[in-house]
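Please read the structure below before turning to the comments.
Chain A is the first sequence line, chain B the second, and so forth, proteins listed ahead of strands; every chain is numbered from 1. Just so it is clear, the structure is predicted and the values come from calculations on it, not from any experiment. Only heavy atoms go into these numbers, but all of them, side chains included; no hydrogens, no water, no symmetry mates.
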Protein chains: 2
Amino acid sequence: MRMSEGVEWALHSCLLMAWQGDDPVSTAKIAAAFDLPSSYLNKQLQALAKAGLVSSTSGPRGGFRLARPPQQITLLDVVEAIEGPEDAFRCQEIRQQGAGASFPKAEFRERCAIAAAMRRAEAQWRQSLAAQTLADIQSTVDGKAPHAGPRMRNWLATAGA
Amino acid sequence: MRMSEGVEWALHSCLLMAWQGDDPVSTAKIAAAFDLPSSYLNKQLQALAKAGLVSSTSGPRGGFRLARPPQQITLLDVVEAIEGPEDAFRCQEIRQQGAGASFPKAEFRERCAIAAAMRRAEAQWRQSLAAQTLADIQSTVDGKAPHAGPRMRNWLATAGA
DNA sequence: GGACGGCTACTCGGATATCGCTTGTCCGAGTAAATGCGG
DNA sequence: CCGCATTTACTCGGACAAGCGATATCCGAGTAGCCGTCC
């Protein structure tokens, strides 16, 4: 089980946009800031746009910016925008195949106990992700490295010159 | 992010072995019970054996059986045996690439706040999985469908004749 | 009748192909700013 | 000098390939039970 690296890209991109406020940032700038392939990063940002997390602007001085304040964007929002809303564990109901096929169907009214247990675990995971917003991450970083945000903002301004 | 379907196979196989007690069950039997490709299922069971969750016996009347009582096998044990112990989210430290490469390295002594948040979420997931054992699943099933276990056991005995 | 040796069939175990999804790249449509011209 | 049409360059957006891991399959090594034979 491996999460797409696009999630890490999207999270860092969102954090960068949070620091940037309402100023749009182009895909090329973000790609340069983290040394990533810009075309593929664009794909991830498009996914964020489709999910309504960021808004896009075309043309010169265009780019992406957060569609909502950082307090209203959870990590779960970003992860689901990239990875999709489906559970990692997908119950295929194999208990009903083979031997189970010869048993009365009424037996399977109750949900598979294994799937239920896995679902509980994933619910914990989602809850933890939903409890943290971009603003929380910002606060954490500001607390430990207060100049990280402004400096990145400055780098973006000078690199574009 | 998608979990290997081998996890579902392994969990159901372990539950079947739990019902079967110390009686070894061959890969072919389990595959027939759930209508799965036996050769590939064998690969998953080998992974369980390598992790020390099940023990294997060769030759006629051979097969796999649980290496420990069901109370001592957690869902996390099974999941990690199949999927590996690594986190789903892998921090690539992209914050140190691009713009970050020109910043003093001392800046990055603190762990990436994003990676830390993702790690917390996964810890919750693992904790939930570790809190449930095969015996718990057995109890749940026995409570809702008391004859499921014995009937499966009977099916295995008659199908082999 | 009992014991022993060989045989057979069944099991795991790992090496070997195939497939789908993540990853990566490309080019076109659209837009806003910049520019040059005319008044 | 000011306003406007044209040009230009920059942006997103989606369509088109490549690489890698999960999936699926096969065959060989080893073992326990069975059978026939011999004592």
Ring centre gap for Trp9(A) and Tyr40(A) strictly below 6.0 Å: yes
Ser56(B) side-chain N/O to dT11(C) phosphate OP1/OP2 under 4.0 Å: no
Residue-phosphate contact under 4.0 Å: Gln46(A) side-chain N/O, dC12(D) OP1/OP2: no
Neighbours of DNA chain C within residues 30-45 of chain A, by heavy-atom distance under 4.0 Å: Pro37(A), Ser39(A), Tyr40(A), Lys43(A)
Rounded to 10 degrees, the angle between the two terminal axes of the helix from dG1(C)-dC39(D) to dG39(C)-dC1(D), each from five pairs: 10°
Within residues 1-12 of chain A: residues closer than 4.0 Å to DNA chain C (heavy atoms): Ser4(A), Glu5(A), Trp9(A)
side-chain contact (heavy atoms from CB on, under 4.5 Å), paired with Val25(B), selected from Leu45(B), Val54(B), Leu16(B): Leu16(B)
For atom CZ of Phe89(A) and atom P of dA22(D), their distance in whole Å: 17 Å
Option among Glu80(B), Glu86(B), Glu83(B) that satisfies the salt bridge (Lys or Arg N to Asp or Glu O under 4.0 Å) test with Arg126(B): Glu80(B)
Flag, side chain of Ser102(B) to backbone of Ala99(B), donor-acceptor distance under 3.5 Å: yes
Ser58(B) vs Gly59(A), nearer the 5' end of DNA chain C by closest nucleotide: Ser58(B)
Arg90(B) CZ - dT23(C) C1' separation (whole Å): 15 Å
